[in-house]
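See structure below.
Just so it is clear: chains get the letters A, B, ... in the order the sequence lines come, proteins before strands, and each one is counted from 1. From a predicted model like this one, the values you see are computed outputs, not experimental measurements.
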Number of protein chains: 2
Amino acid sequence: MARLPVYLRALHNLQELGVATVSSEELAAAAGVNSAKLRKDLSHLGSYGTRGVGYQVEYLVYQISRELGLTQDWVVAIIGVGNLGRALSGYGGFASRGFRVAALLDADAKVVGRRISGLTVEHIDKLETVVKDREVSIAVIATPAGAAQAVCDRLVEAGVTSILNFAPVVLSVPDTVEVRKVDLSIELQILAFHEQRKAGGPMGDRLVGDYGALRADESPESAPYVEAVDA
Amino acid sequence: MARLPVYLRALHNLQELGVATVSSEELAAAAGVNSAKLRKDLSHLGSYGTRGVGYQVEYLVYQISRELGLTQDWVVAIIGVGNLGRALSGYGGFASRGFRVAALLDADAKVVGRRISGLTVEHIDKLETVVKDREVSIAVIATPAGAAQAVCDRLVEAGVTSILNFAPVVLSVPDTVEVRKVDLSIELQILAFHEQRKAGGPMGDRLVGDYGALRADESPESAPYVEAVDA
DNA sequence: CTGACTTTGTGCGTGTGTTCACAAAGGCTT
DNA sequence: AAGCCTTTGTGAACACACGCACAAAGTCAG
């Protein structure tokens, strides 16, 4: 379940506030979900609350952490040290949750050798060696779109089975490999969609800008598609 | 529909390759979805293909762009100029799709006044002025978690109705406001979950680490929850 | 002009996720 | 010890998204 991490975060917050016990209603509110859904998720996971009281915060934190595999450390490699890669390498939310960034790789000779967030950037040629020697299990792809699939293939070949992809391409992988995708411009486009809806749908009239002529083969000058994750 | 941007990207790629016509089968493969789903999405959107031939790429690009509101420009403000905010401000994928970053705001006096990606960082105090004067419609929150809700409230108050939130908190907003959330550590946690599954479930035995003692009120030392989007 | 072939658009069965609502279960007060 | 009150866990209705499979529609060759 993709909601477990959200519950966990809410529980951690409660823990900091010194709360020992929480009802499904309260926790659901903090996590922004329906309370019945939360209870079902939690029961589905095997944890038990106490009727009439609620859930013990410590206990739940432990259970969810274990379910998510956060009781062990995961070794992460970041491929592509552009703006995004650098931001990720310095992101505090990783280390604090059991994710250890063990390598930064890049193809650009100008950044190889630089130290970033306590790590030295290594050349992409060493990908296979690094993955195997340091037992990398999760890789983060933060390369330009053009390089992503090739990098992905090498990662898979080297034995990586979980990939977090920031490049704006659909990666193809064997189905033994799990890929999650984060696409910043897609998020904005979805927002733009809703924003436009509020302003009265796609210009109200479906025929605005009558596109009939185009179907008869007069191509409009379309802005070329610029592919770039980061500089 | 959240898949439209993906289709659009695939179509742009085809356009660059000089492809004029595409079948639902091909486009679906490029977008990584089922062809029936793609056809249903497209029909639901009102666009028409030609039976026996497929879809005209130019036409579809135009239709989807219009549906998503990409035929107009959207003004974006980025709040919080840490590592992540800087990476976002330099992200090429925004400008190329009609998103214009018009302001960078931060509370830290040390970064206010610096020029980043062609923009001067302004103080968060000017939030209301900036939003109104430059007609910001979409805001990106890249602040530390602690500041996010306060910033969000001010944005909503100033009239912003679409927010992209990178801070690891559940923002509460009136339901006239659309919020999308991108949480990097949650993505990794989901990967870790699947990774662990492959390795044989949560340590196989549900009783490993027997937590019974804890229910009798002996708190284990739990790692404090560190909140930090970026440095 | 006719017929064979290709591809769209969609009706329908299926499965999954969400929510309501309530009985069972435990604590707390008197 | 008994009953009231709170809260969990879950059965059942609902909604929705998915994908198959096919008829309708259009192209193209002869």
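Note that CD1 of I79(B) is 11.5 Å distant from CG of L88(B), once rounded to the nearest 0.5 Å. The structure places NZ of K181(B) at 13.5 Å from CD1 of I163(B), a figure rounded to the nearest 0.5 Å.
Pairs passing the salt bridge (charged side-chain N to carboxylate O under 4.0 Å, His left out) check and including a residue from residues 41-54 of chain B, sequence neighbours excluded, read R3(B)-D41(B).
The shortest distance between side-chain heavy atoms of W74(A) and Q196(B) falls below 4.5 Å.
Heavy-atom distances under 4.0 Å link DNA chain C to N34(A), A36(A), K37(A) of residues 28-38 of chain A, given in residue order.
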| said: Before you tell me yes or no, could you show the steps for L188(A) and R97(B) under side-chain contact (heavy atoms from CB on, under 4.5 Å), namely the whole-Å CA-CA distance, both residues' side-chain angles and the distance that decides it to 0.1 Å? | reply: CA-CA 9 Å; L188(A) 277 190; R97(B) 281 181 192 72; over 6 Å; no
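Put simply, OH on Y55(A) is 18 Å from P on dT6(D), counting in whole angstrom units. Here the C1' atom of nucleotide dT10(D) and the CG atom of D41(A) are 13 Å apart, to the nearest Å. What separates NZ of K40(A) from C1' of dT10(D) is a distance of 6 Å, to the nearest Å.
The nearest pair of heavy atoms linking K198(B) to S162(A) is NZ-OG, 3.8 Å. Scanning all heavy atoms of the two residues, the minimum distance from C152(B) to V173(B) falls at SG-CG1, 3.4 Å.
Toward the 5' end of DNA chain C, the nearer of the two residues V53(A) and V53(B), judged by each one's closest nucleotide, is V53(B). Of the two residues contacting DNA chain C, namely R3(A) and R51(A), the nearest-nucleotide position lying further toward the 5' end is that of R3(A).
For Y62(B) and E58(B), the side-chain atoms include no donor-acceptor pair closer than 3.5 Å.
With a heavy-atom cut-off of 4.0 Å to chain A, the contacted part of DNA chain C has its first and last nucleotide at dT18(C) to dG27(C).
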